[in-house]
Q: 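Okay, here's the structure, questions in a sec.
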Amino acid sequence: MSPPVMPESDIISPYSLPNPHRVLGVAGLFVAFLLLGLASYRVSENYGVESMRQAASHQLDILGAAIDSEVTRHASVPSAVELNPDVVTLLRAPSEEADIRQAEANRFLQKLNDHLGGPAIFVLDLSGRVVASSDWIFSDNLLGSDLSYMPFFRDAVRGTPARHYAVDHIRHEPGYYFALPIRDESREWAIIGVAVVKSGIREVERRWLAQEAPALIVDRNDVVLLASPPEWRYATLGRQPTAVLERLGRQQFAGQALGAISLDIDLAGADEGRVVRLPKHLRDDVAPAQGARPYLAMARNLPGTAWRIVVFSDLRAVGVQAATHAALSVAALGCLLLGVLYARQRRRLARGREEARAMLELANQELERKVEARTVDLSEAVSGLQREVQERQRAEQTLRAAQNELVQAAKLAVLGQMATGITHELSQPLGAIRTLSANAAEFMRRGEAATAERNLAIVEQLTEQMGNIIGPLKTFARKSPAVSSAVDIGQAVDSALFLFESRLKKDAVIVERHFAPGATTAWCDRNRLQQVLVNLVGNALDAMHDEPVRRLSFSSEASSTGKIALSVVDSGHGFSEEAVAHLFEPFFTTKQPGEGLGLGLTISRDILRDFGGDLMAGPAPGGGARFVVLLPPLSSGSA
């Protein structure tokens, strides 16, 4: 019996309203949605720009401090040059002694440069000629170069310490120059030369301006000195006269062309943040139809220099976020209106529900009678399913118990293989204990208690050493249920390698571990994971037995599924394609008859799958085999 259908007169529809009212209602809703969307967009945009401005300001603080530290760390070097007697003597010396004095000054500057690790240090006479330089041993040294045109020289010979950015005309390498006048005490502190240190700034550009968004440093002439992207270097913020650019190129940039690119941006007010648009011909990823892209430019003056550092933050993310918030606001208003309409509709439908309830009760009684008639058949089917489930549970318990027994048997088999190595490790401490004990008894008989006490202390150390050897074996051989916990993968690998320590030494196996203990933690059973690793290490040693180079590598990384991937790679003979296809089948083995049952890898994979892991295998790059143990991360088990 079907429920009654509501009369069409009780259902609210916008089309049931009179025509003028419907038009006004739709227009009012459209205006409300439009105003709310615009308001939400503006608020979100302002908030996003402010957040981006704060982030850019913090970034400028960090970059400014780092660049200032990198550039000015050699600022005090000219003072050391000024105080050196060899340099002062060279500037005082007559021309016939200049060669001898120059060699001594060159060696001093070279030693100072080697100690500081990189900057070029040189000395100018009053004519602006380089008379001593730290790079005198190179063919393209600065000796004899005329640097009188450099602004830092003109300031220094007038008695003012100077710092200046320039490109030298010998190597055409940019640098930041610190110049200090050298005064002669014997001539009433008259200026006799200039000490200069050149600090390299390529490292500054590589380390501090390799930003995802554009960043640059400009000087007082609005010429870009350092930039990311690098093609902006020596560009200008705005277009400048050709004569001015040529003069700056001769004085500072060793004749290099300036202004080949003009960014055409105005940074007035950029200290507080300014929205600029980078021309589209400077950005290859902007299509011509899209025009220039908006960026938030933040500028900051670098202390002690005439430089300004500028970072550009892409505002596209702010626009997308603002549009998203506007859409969410409009959607929320729409949901609110739908909720109001739903409440009105619900009140109207309540009356219909009351009328339909009686009819539904009659239909329910009829349905109950039909259900009762069919319940008997369903009860019998459920009983059969319950019996089948119980049988499957008992079979699963039996299978799990058999698997645990196989795991324990595999452990004992490995322990049997390692018995010879462990016996060798314990034989030496036992022999020493036997000798020391006999000596201690003889010393006690003689009354030399101090000597006997020292022998017994050595016996105690040897006993502790034997305990350290036996302890991991007891833990490995213990039969215990699988309980997952936080397991340090590095320690598990070390424990597995410890059990094969004698064999590793005997076969001269090179063990490479690309992660340290404590670096990676998984959620699994420690003892079962160690059993899997022992099986994999044992197989790897068997595979590498006849190889000239035996290398066993362990590495750990996050897989695409979020699990921890522990790779075990050996330099053995590897697998054929047929072997890879059947590798995890029971009783399949690539070893010689009598050397294995072919159950180790199958059991290992089942062990890992019990706590959410897995085992995969394949050929390793360059030859050999590669097994990947997938383990659940710590977060998945502890959550």
Q: Give me the atom names and distance for the closest heavy-atom approach of A179 to F152.
A: CB-CD1, 3.7 Å
Q: Let me see the working for L124 and F153 under side chain to side chain contact (heavy atoms under 4.5 Å, CB included), right down to the final yes or no.
A: CA-CA 8 Å; L124 307 175; F153 171 75; 3.5 Å; yes
Q: If you define the side chain from C-beta out and look only at heavy atoms, does anything of E104 sit under 4.5 Å from L90?
A: no
Q: Under the 3.5 angstrom rule, does the side chain of R154 hit a backbone N or O of Y149 as a donor-acceptor pair?
A: yes
Q: S133: what forms a side-chain hydrogen bond (donor to acceptor under 3.5 Å, both in side chains) with it, not counting sequence neighbours?
A: D135
Q: Checking the side chain of D570 only, and the main-chain atoms of A625 only, is there a donor and an acceptor separated by less than 3.5 Å?
A: yes
Q: Assess the residue pair M544 and V509 against the criterion (side chain to side chain contact (heavy atoms under 4.5 Å, CB included)); give the C-alpha distance rounded to whole Å, side-chain angles, the decisive distance to 0.1 Å, and a yes or no.
A: CA-CA 9 Å; M544 296 187 296; V509 178; 4.0 Å; yes
Q: Between L566 and V493, is any pair of side-chain heavy atoms under 4.5 Å apart?
A: yes
Q: Taking C-beta and beyond as the side chain, do V629 and L536 meet within less than 4.5 Å on heavy atoms?
A: yes
Q: Kindly write out the residues that satisfy salt bridge (Lys or Arg N to Asp or Glu O under 4.0 Å) with R551, not counting sequence neighbours, or none if the list is empty.
A: E512
Q: Between atom NE2 of H115 and atom CD of Q110, what is the distance when rounded to the nearest 0.5 Å?
A: 14.5 Å
Q: Rounded to the nearest 0.5 Å, how far does NZ of K111 lie from CG of N106?
A: 12.5 Å
Q: Heavy-atom distance under 4.5 Å between the side chains of F627 and V569, does that happen here?
A: no
Q: Measuring from atom CD of Q491 to atom OG1 of T521, what distance do you get when rounded to the nearest 0.5 angstrom?
A: 8.5 Å
Q: Without swapping roles, check the side chain of D125 against the backbone of G128 for a donor-acceptor pair under 3.5 Å.
A: yes
Q: Whether the side chain of T520 engages the backbone of I489 through a donor-acceptor N/O pair (distance < 3.5 Å, no angle test) should be reported.
A: no
Q: Calculate, to the nearest 0.5 Å, the distance between atoms CZ and CD belonging to F515 and E557 respectively.
A: 11.5 Å
Q: Would you sort out whether L631 and W523 count as a side chain to side chain contact (heavy atoms under 4.5 Å, CB included), showing the intermediate values?
A: CA-CA 7 Å; L631 299 171; W523 184 259; over 6 Å; no
Q: For a 4.5 angstrom cut-off between non-hydrogen side-chain atoms, does V275 reach Y295?
A: no
Q: For V123, run the side chain to side chain contact (heavy atoms under 4.5 Å, CB included) check against N84, L91, V88, V196 and tell me which one passes.
A: L91
Q: Would you check if I217 and R308 make a side-chain contact, meaning some heavy-atom pair closer than 4.5 Å?
A: no
Q: So how far is it from L143 CG to W136 CH2, rounded to the nearest 0.5 Å?
A: 9.5 Å
Q: Can you name the closest pair of heavy atoms from G562 and P633 and give their distance?
A: O-CG, 3.6 Å
Q: Looking only at heavy atoms, which two atoms of I191 and A156 are closest? And how far apart?
A: CD1-O, 4.0 Å
Q: Can you see which heavy atom on D488 is nearest to which on G518, and at what distance?
A: OD2-N, 2.7 Å
Q: Return the minimal non-hydrogen interatomic distance between S127 and D146, and the atom names on each side.
A: O-OD1, 3.9 Å
Q: For S40, which residues count as a side-chain hydrogen bond (donor to acceptor under 3.5 Å, both in side chains) partner, sequence neighbours excluded?
A: S329
Q: Kindly say whether D507 contributes a backbone atom to a donor-acceptor pair with the side chain of R550 at under 3.5 angstrom?
A: yes
Q: Between S559 and I564 (side chain of the first, backbone of the second, donor and acceptor by atom type, cut-off under 3.5 Å), is there such a pair?
A: no
Q: Do you see a donor-acceptor pair shorter than 3.5 Å between the side chains of S567 and R626?
A: yes
Q: Quick check: closest heavy atoms across L126 and G193, and the distance to 0.1 Å?
A: CD2-N, 3.8 Å
Q: Apply the side chain to side chain contact (heavy atoms under 4.5 Å, CB included) test between F122 and each candidate in V197, V131, L147, V194; give the one that qualifies.
A: L147
Q: Within the 4.5 Å heavy-atom criterion, are D494 and F554 side-chain neighbours or not?
A: no
Q: Taking it one step at a time, do V224 and T236 satisfy side chain to side chain contact (heavy atoms under 4.5 Å, CB included)?
A: CA-CA 6 Å; V224 178; T236 57; over 6 Å; no
Q: Say you draw a straight line from CZ of R183 to CD1 of I192; how long is it, rounded to the nearest 0.5 Å?
A: 10.5 Å
Q: Do other residues, nucleotides or ligands put more than 12 heavy atoms under 6.0 Å from the NE2 atom of H58?
A: no
